[in-house]
Amino acid sequence: MDQLERDLLNNLQGGFPICAHPFQVLAERLGYSEDVLIEGVQQLIAKGYISRFGPLFNTEKLGGAVSLAAMAVPPERFDAVADQVNSFEEVAHNYERDDRLNMWFVVLASDEIALANVLAEISRETGLEVLNFPKEQEYFLELKLEVPE
Amino acid sequence: MELTELHHRLIEQLRNGLPICPHPYAVIANTLGITEEGVISALDQLIENGLINRFGMILHHRALGYQANAMCVFDVPDPMAADIGRAMARLPYVTLCYRRERVAGVWPFNLYCMIHGRDKHTVRAQIRHMTARLDLCDMPQKVLFSKRCFAQRAGKYGAVPFTAKNMAGGQHGSA
């Protein structure tokens with residue numbers, strides 16, 4: 001990874017300018033030309049370092065419901081159950097973790113009722129209990145995943 | 001904040017991200033049939049009202065070599081949760097921090113934080129630093145490293161997988 005890529009990754013995780021010429025504004029701040037900056041961002045996307053460039057929406061404020069759910073899946077059934085769970089379009093991402101509760105996934109739905117229905121449906125299809133861990137409070141942080149030398 | 005039809009169309013348009021070009025908001029405006037100023041002021045409103053949490057690059061941690069992903073959970077007394085949560089969120093290696101409901105008899109933990117790191121060894125050292133720094137050594141706690149991540153469409157776009165059809169109801173979001 002070169003210096004341009006590191007500078008982009010370390011400076012563009014938030015606060016992208018909302019103005020007519022945003023890359024130009026950033027280019028001046030970071031000491032690059034606008035062309036170089038735009039090409040750099042396109043490169044990062046092409047390389048798969050960035051999954052998306054744009055706004056990160058607040059689900060709840062937009063009227064949606066979001067929760068974290070977990071299941072204790074028998075190891076021999078894990079892949080099959082993962083396929084079942086991932087087939088729901090409301091499941092945003094799903095992690096296998098090293099615990100008795102070994103499957104953890106985020107569910108996004110249009111409202112609380114739809115969310116509860118999805119969890120119930122997953123439980124019915126898999127025959128496994130689905131635990132729900134709704135968020136009570138989020139402690140916000142500045143984004144600062146540093147990409148070192 | 002009351003969302004207008006324009007807000008909904010703008011949100012839908014931005015689900016897949018911003019065009020990477022000199023005048024991205026003009027491109028969006030063109031698609032929506034409104035002015036660039038209209039797009040800019042609508043985005044300003046969404047940000048001011050907290051409907052957009054942040055605006056920029058959404059990183060792909062694993063591709064960047066952040067292979068170790070630890071979910072750390074703690075059972076802290078409820079009255080202390082806010083102070084500890086805010087302090088946790090200030091630590092440079094913590095990438096997300098939430099208070100969640102406990103599940104009686106199954107899961108006593110109420111405070112969650114995520115640490116993304118290059119390797120487990122480093123992440124374990126960071127967890128030791130966190131527990132010492134925030135005086136959490138005596139609190140019940142657990143660390144769950146991720147073994148596999150299943151990439152999802154919704155995760156990829158960082159947005160609720162609603163289609164244009166049901167956007168009339170106006171829901172959208174990210175994990």
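Heavy atoms only: backbone and side chains are in, while hydrogens, waters and symmetry mates are out. Residue numbers begin at 1 in each chain, while the letters A, B, ... track the order of the sequences.
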Interchain contact, Glu101(B) with chain A, by part (heavy-atom threshold 4.5 Å):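 For Glu101(B), heavy atoms of backbone and side chain both lie under 4.5 Å from chain A.
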Chain A contact via Phe145(B) - which portion, at a heavy-atom distance below 4.5 Å: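 For Phe145(B), backbone and side chain are both near chain A.
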Quick one: closest heavy-atom pair of [X] and [Y], and the distance?
X	Y	answer
Ser110(A)	Ala114(A)	OG-CB, 3.6 Å
Met57(B)	Leu9(A)	CE-CA, 3.2 Å
Val27(B)	Pro19(B)	CG1-CG, 3.8 Å
Leu119(A)	Ala69(A)	CD2-CB, 3.9 Å

Given the options [options], which has more heavy-atom pairs under 4.5 Å with chain B than any of the others?
options	value
Ile18(A), Ile38(A), Ile50(A)	Ile18(A)
Leu68(A), Leu101(A), Val107(A), Leu131(A)	Leu68(A)
His21(A), Lys61(A), Glu96(A), Glu138(A)	Glu96(A)

Would you say [X] has more than 12 foreign heavy atoms packed within less than 6.0 Å of its [atom1]?
X	atom1	answer
Asp135(B)	CG	no
Met1(B)	CE	yes
Asp2(A)	CG	yes
Glu76(A)	CD	yes

Engaged part of Asn132(A) at the chain B interface, taking heavy atoms whose separation is under 4.5 Å: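 The backbone, not the side chain.
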Sort Ala82(A) into side chain, backbone, both or neither according to what part of it lies under 4.5 angstrom from a heavy atom of chain B.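 Side chain only.
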Write out, in numerical order, the residues from residues 106-113 of chain B with a heavy atom short of 4.5 Å from a heavy atom in chain A.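 Val106(B), Trp107(B), Leu111(B), Tyr112(B) fall under the 4.5 Å cut-off.
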For chain A, find its close neighbours in residues 68-76 of chain B: heavy-atom separation under 4.5 Å, sorted by number, or none.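 If one takes a 4.5 Å heavy-atom cut-off, the residues of residues 68-76 of chain B near chain A are Asn69(B), Ala70(B), Met71(B).
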Taking the six-membered ring where the residue is Trp, are the ring centres of His116(B) and Tyr93(B) under 6.0 Å apart?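 Not close enough - the centres of the two rings lie 6.0 Å or further apart.
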Phe23(A) ring center within less than 6.0 Å of Phe16(A) ring center: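 Between Phe16(A) and Phe23(A), the centre distance is under 6.0 Å.
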What residue in Ser41(B), Pro24(B), Ala82(B) has the most heavy-atom pairs under 4.5 Å with chain A?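 Option with the greatest count: Ala82(B).
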Think Lys147(B) forms a cation-pi with Tyr95(A), using NZ or CZ under 6.0 Å from the six-ring centre and within 45 degrees of its axis?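 No, Lys147(B) and Tyr95(A) do not form such a contact.
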Between Phe105(A) and Met71(A), is any pair of side-chain heavy atoms under 4.5 Å apart?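 Yes, side chains in contact.
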CG of Leu144(B) to CZ of Arg97(A): how many Å apart, nearest 0.5 Å?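 The distance works out to 6.5 Å.
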